[in-house]
Protein chains: 2
Amino acid sequence: MTTTQQSEKPLRADAERNRQRVLAAAREVFARRGLEAGLDEIARHAGVGTGTVYRRFPDKTALVTALFEERLDQVVATVKEAIAHPDPWEGLCAALESLIAMQIEDRGLKDVIFGAVGDHETFRERRAELLPLVQQGVCRAIEAGVLRPDFALTDFAPLQVMLTQVASFTEAADPQAWRRYLRIVLDGLCTRRDGPTPLGHPALDLAQLEDACGRHLPHC
Amino acid sequence: MTTTQQSEKPLRADAERNRQRVLAAAREVFARRGLEAGLDEIARHAGVGTGTVYRRFPDKTALVTALFEERLDQVVATVKEAIAHPDPWEGLCAALESLIAMQIEDRGLKDVIFGAVGDHETFRERRAELLPLVQQGVCRAIEAGVLRPDFALTDFAPLQVMLTQVASFTEAADPQAWRRYLRIVLDGLCTRRDGPTPLGHPALDLAQLEDACGRHLPHC
DNA sequence: TCTTAAGCGGAAGGACTCTCTCCGGATGGA
DNA sequence: TCCATCCGGAGAGAGTCCTTCCGCTTAAGA
C-alpha cells in the first residue's frame with residue numbers, strides 16, 4: 001500500500017498491525033505537538049516499543065515522510081478548491097482560512113509546509129505547487145479590485161505564520177479565537193471598507209488572556 | 001547602584017568590573033536570543049567563567065530580574081508616552097508599534113512581558129500597569145470612531161504575539177519587514193477605509209521568502 | 001612588601017532531552 | 001513443530017542547560 005512496502009514481500013500479520021498502529025499514533029502525536037515530538041512518545045502512544053518504530057521506519061524522517069506525503073496532496077487539493085470559488089475575495093479568504101485551519105489541526109503539517117524536512121524531494125515539489133495556486137488567487141482578487149493591489153504573493157506565508165502563532169497562543173483559552181484575528185487581518189487586506197466586518201468570534205476575557213500568557217512560554 | 005548591592009560592602013574593583021561585563025553581555029545575548037539563552041553563552045560573551053556569573057547572581061532568574069526591572073519601567077513609560085499622542089488613532093498605532101519594536105529589538109524583553117518569569121512580583125506589577133494604559137488608548141480611539149468598536153482590550157496581546165512572530169520569521173531576510181504586516185493589521189483595525197493605506201515597506205521577494213522559511217524551523 | 005580575603009576560570013556533576021541500536025525472548029505461519 | 005521474523009524496552013551516545021566546586025590568582029589594606 002504505502003510507499004515503503006511497494007514490492008517487498010508482505011509483513012507478518014502482527015508486524016503490519018503494529019506498523020499501522022505506529023502510523024496512527026504518529027499522526028495523532030505529530031498533530032498535537034508538531035514534529036518536535038519524540039519517537040518515544042509515539043511508540044508509547046502506539047503501545048509498542050521504540051525498537052518497533054525503528055524497525056519499520058529507518059529514522060524519524062522516514063516516518064514523517066510516510067505520513068505527510070499524501071497529506072500534502074490533500075492540502076494542495078483543498079487550496080485549489082478554495083481558490084476556485086466563483087467570488088475572488090471569498091476564494092482567497094477560504095484559501096487562507098483553510099490553510100490555517102489545517103495547520104492548526106495538525107502542527108506537524110505546519111512544520112512540513114514550512115520546510116522542517118527541507119531537503120526532501122516530494123515535500124519540496126508539493127510546496128512548489130502551492131505557490132502558483134495562491135498566485136492565481138491573488139492576481140484574480142487584485143484584478144477584481146477586492147484585494148489591496150499592494151498585496152504580494154510573498155505575503156501569504158507570513159500571514160500564515162502570524163495566524164498559526166496567534167492560534168497556538170490562544171488555543172488553550174479558546175480553540176477558535178484565531179478566527180477573530182483572521183477576520184481582522186482580512187479586513188486589512190481588502191481594498192476598502194465602509195465599516196468593520198463582523199469578527200464572528202468573541203474576544204478573550206481577562207482570565208483567558210492571563211491563561212494564554214501563562215502557557216505561552218516555559219516558565220523560568 | 002543596583003538592587004542586589006544596595007547596602008552591602010562594595011565589591012572589589014575587578015569583581016565590580018566583571019559584574020558589569022556580565023550584565024552587558026546578558027543584555028546583548030538575551031536581546032538576541034531571548035531568555036532561552038544559556039548562562040554559559042553569556043559568560044563566554046562576557047569573557048568570564050560561568051562561576052563568575054553565579055557568584056554575582058545566585059541563579060538565572062536573579063540575573064534576568066536585575067536586567068529587566070528597569071527595562072520594564074522604560075516599556076511602561078514608552079507606551080504611556082505613545083498613548084498620550086493628541087490623535088487617538090496615532091496614539092494607539094504608536095503604542096502597538098513601539099511595543100512590538102521593543103520586543104523585536106530585545107527578545108528577552110518579549111519573554112519577560114509575556115510572563116516567562118511568571119512568579120516574580122515586580123514583573124507582575126509592571127505588566128499590570130500596562131493594561132489600564134492600553135485600555136485608555138483603546139477606549140479613546142473607539143469613542144473617537146477611529147478604532148473598530150468590536151476591538152477589545154484583550155486583543156492587544158494576541159496582536160503582539162502575531163507581529164513579533166512574523167518579525168522573527170522575516171527578520172533574517174529583511175529586519176524591517178514586520179512593519180508591512182503591522183500596517184496590514186492596522187488597516188484591519190480602523191473603522192473604515194476608502195482604500196489601502198501605504199504599507200511603507202516592500203514585500204519580500206521569492207528568494208527572501210525561501211530564506212525565511214529555511215531558517216524558521218530546525219531542520220530534521 | 002606581605003598577607004589574605006575575595007575573586008577567578010572552567011571542569012565536572014546532575015538532570016534532563018532525543019535519536020537510534022541491540023539483544024534475549026516471544027510468536028506467526030508453513 | 002520449528003525458525004525466520006518480530007517484539008519490548010534497556011541503554012548507548014550525543015546533546016542540552018543549570019549549578020557547584022576547587023585550586024589558583026589577585027586586589028588592596030597594613
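Chain identifiers are assigned alphabetically (A, B, ...) following the order of the sequence lines, protein sequences preceding nucleic acid strands; residue numbering begins at 1 within each chain. Note that the structure is predicted; figures quoted are calculated from it, not measured.
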- Query: With sequence neighbours left out, what residues match His85(A) under side chain to side chain contact (heavy atoms under 4.5 Å, CB included)?
  - Reply: Asp87(A), Glu90(A)
- Who are the side chain to side chain contact (heavy atoms under 4.5 Å, CB included) partners of Asp106(A), not counting sequence neighbours?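 Expected list: Ala31(A), Phe68(A), Arg71(A), Leu109(A).
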Name the pairs: protein N/O against N/O of nucleotides 26-30 of chain D, kept only if under 3.5 Å.
unit_1  : atom_1 : unit_2   : atom_2 : d
dT26(D) : O2     : Arg12(B) : NH1    : 3.3
dA27(D) : O4'    : Arg12(B) : NE     : 3.4
dA28(D) : OP1    : Ala13(B) : N      : 2.9

- Message: Can you give me the closest heavy-atom contact between Leu92(A) and Gly137(A), atom names plus distance?
- Response: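 Heavy atoms only, the tightest pair is CD1-C, 3.7 Å.
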- Minimum heavy-atom separation for Phe57(B) to Ala66(B), with atom names?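 In this case the closest contact between Phe57(B) and Ala66(B) is CE2-CB, 4.0 Å.
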- Do the charged groups of Arg180(B) and Asp174(B) touch, with an N to O distance under 4.0 Å? no
- Note on the structure: CE (Met162(B)) and CG (Leu182(B)) are apart, to the nearest 0.5 Å, by 10.0 Å
- Task: Enumerate the residue pairs fulfilling ring-ring contact (aromatic ring centres under 6.0 Å, His included) with a member in residues 93-130 of chain B, sequence neighbours excluded, ordered by first and then second residue.
- Result: Phe169(A)-Phe114(B), His216(A)-Phe114(B), His120(B)-Phe123(B)
- Message: Ignoring hydrogens and geometry beyond distance, is a side-chain donor-acceptor pair present between Gln74(B) and Glu70(B) at under 3.5 Å?
- Response: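 The criterion, which ignores hydrogens and geometry beyond distance, is not satisfied for Glu70(B) and Gln74(B).
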Look for any protein N or O under 3.5 Å of an N or O in nucleotides 12-16 of chain D and output each such pair with its distance, or none.
none

Identify each atom pair where a protein N or O and an N or O of nucleotides 17-19 of chain D are less than 3.5 Å apart, giving names and distance.
unit_1  : atom_1 : unit_2   : atom_2 : d
dC18(D) : OP1    : Lys60(B) : NZ     : 2.7
dC18(D) : OP2    : Leu39(B) : N      : 2.9
dT19(D) : OP2    : Tyr54(B) : OH     : 3.2
dT19(D) : OP2    : Lys60(B) : N      : 3.2

- Student check: side-chain heavy atoms of Leu159(A) and Leu189(A) closer than 4.5 Å: yes
- Item | Close side-chain approach of Lys110(A) and Ile113(A), heavy atoms under 4.5 Å |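 A side-chain contact is absent here, since even the closest heavy-atom pair is not under 4.5 Å.
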- Residues which pass side chain to side chain donor-acceptor pair (under 3.5 Å) with Arg12(A), listed by chain and number, not counting sequence neighbours: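 By the side chain to side chain donor-acceptor pair (under 3.5 Å) rule, Arg12(A) matches Asp14(A).
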- Task: Could you list the residues that satisfy side chain to side chain donor-acceptor pair (under 3.5 Å) with Arg179(A), not counting sequence neighbours?
- Result: Glu97(A), Gln176(A)
- Task: Return no unless some side-chain N or O of Asn18(A) is found under 4.0 Å from OP1 or OP2 of dC7(D).
- Result: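 Looking at the OP1 and OP2 atoms of dC7(D), one of them is under 4.0 Å from a side-chain N or O of Asn18(A).
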- Dump the intermediate steps for side-chain hydrogen bond (donor to acceptor under 3.5 Å, both in side chains) on Tyr181(B) and Asp155(A), then the final yes or no. CA-CA 8 Å; Tyr181(B) 302 101; Asp155(A) 289 327; 2.6 Å; yes
- Message: Quick check on DNA chain D: between Gly51(A) and Thr52(B), whose nearest nucleotide comes earlier from the 5' end?
- Response: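 Its nucleotide being nearer the 5' end, the pick is Gly51(A).
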- Task: Write out the stems for DNA chain C, ordered by first number and formatted as range with range, counting runs of at least 3 consecutive Watson-Crick or G-U wobble pairs under 3.5 Å.
- Result: C:1-30 with D:1-30
- Query: Of all residues at least two apart in sequence or in a different chain, which pass the salt bridge (Lys or Arg N to Asp or Glu O under 4.0 Å) check with Arg33(B)?
  - Reply: Glu36(B), Glu41(B)
- Message: Tell me every residue that passes salt bridge (Lys or Arg N to Asp or Glu O under 4.0 Å) with Asp111(B), counting only those two or more places apart in sequence or in another chain.
- Response: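 Per chain and number, Asp111(B) pairs via salt bridge (Lys or Arg N to Asp or Glu O under 4.0 Å) with no residue.
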- Just the endpoints, please: which first and last nucleotides of DNA chain C, 5' to 3', lie under 4.0 Å from a heavy atom of chain A?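 With heavy atoms of chain A under 4.0 Å away, the range is dT19(C) to dG29(C).
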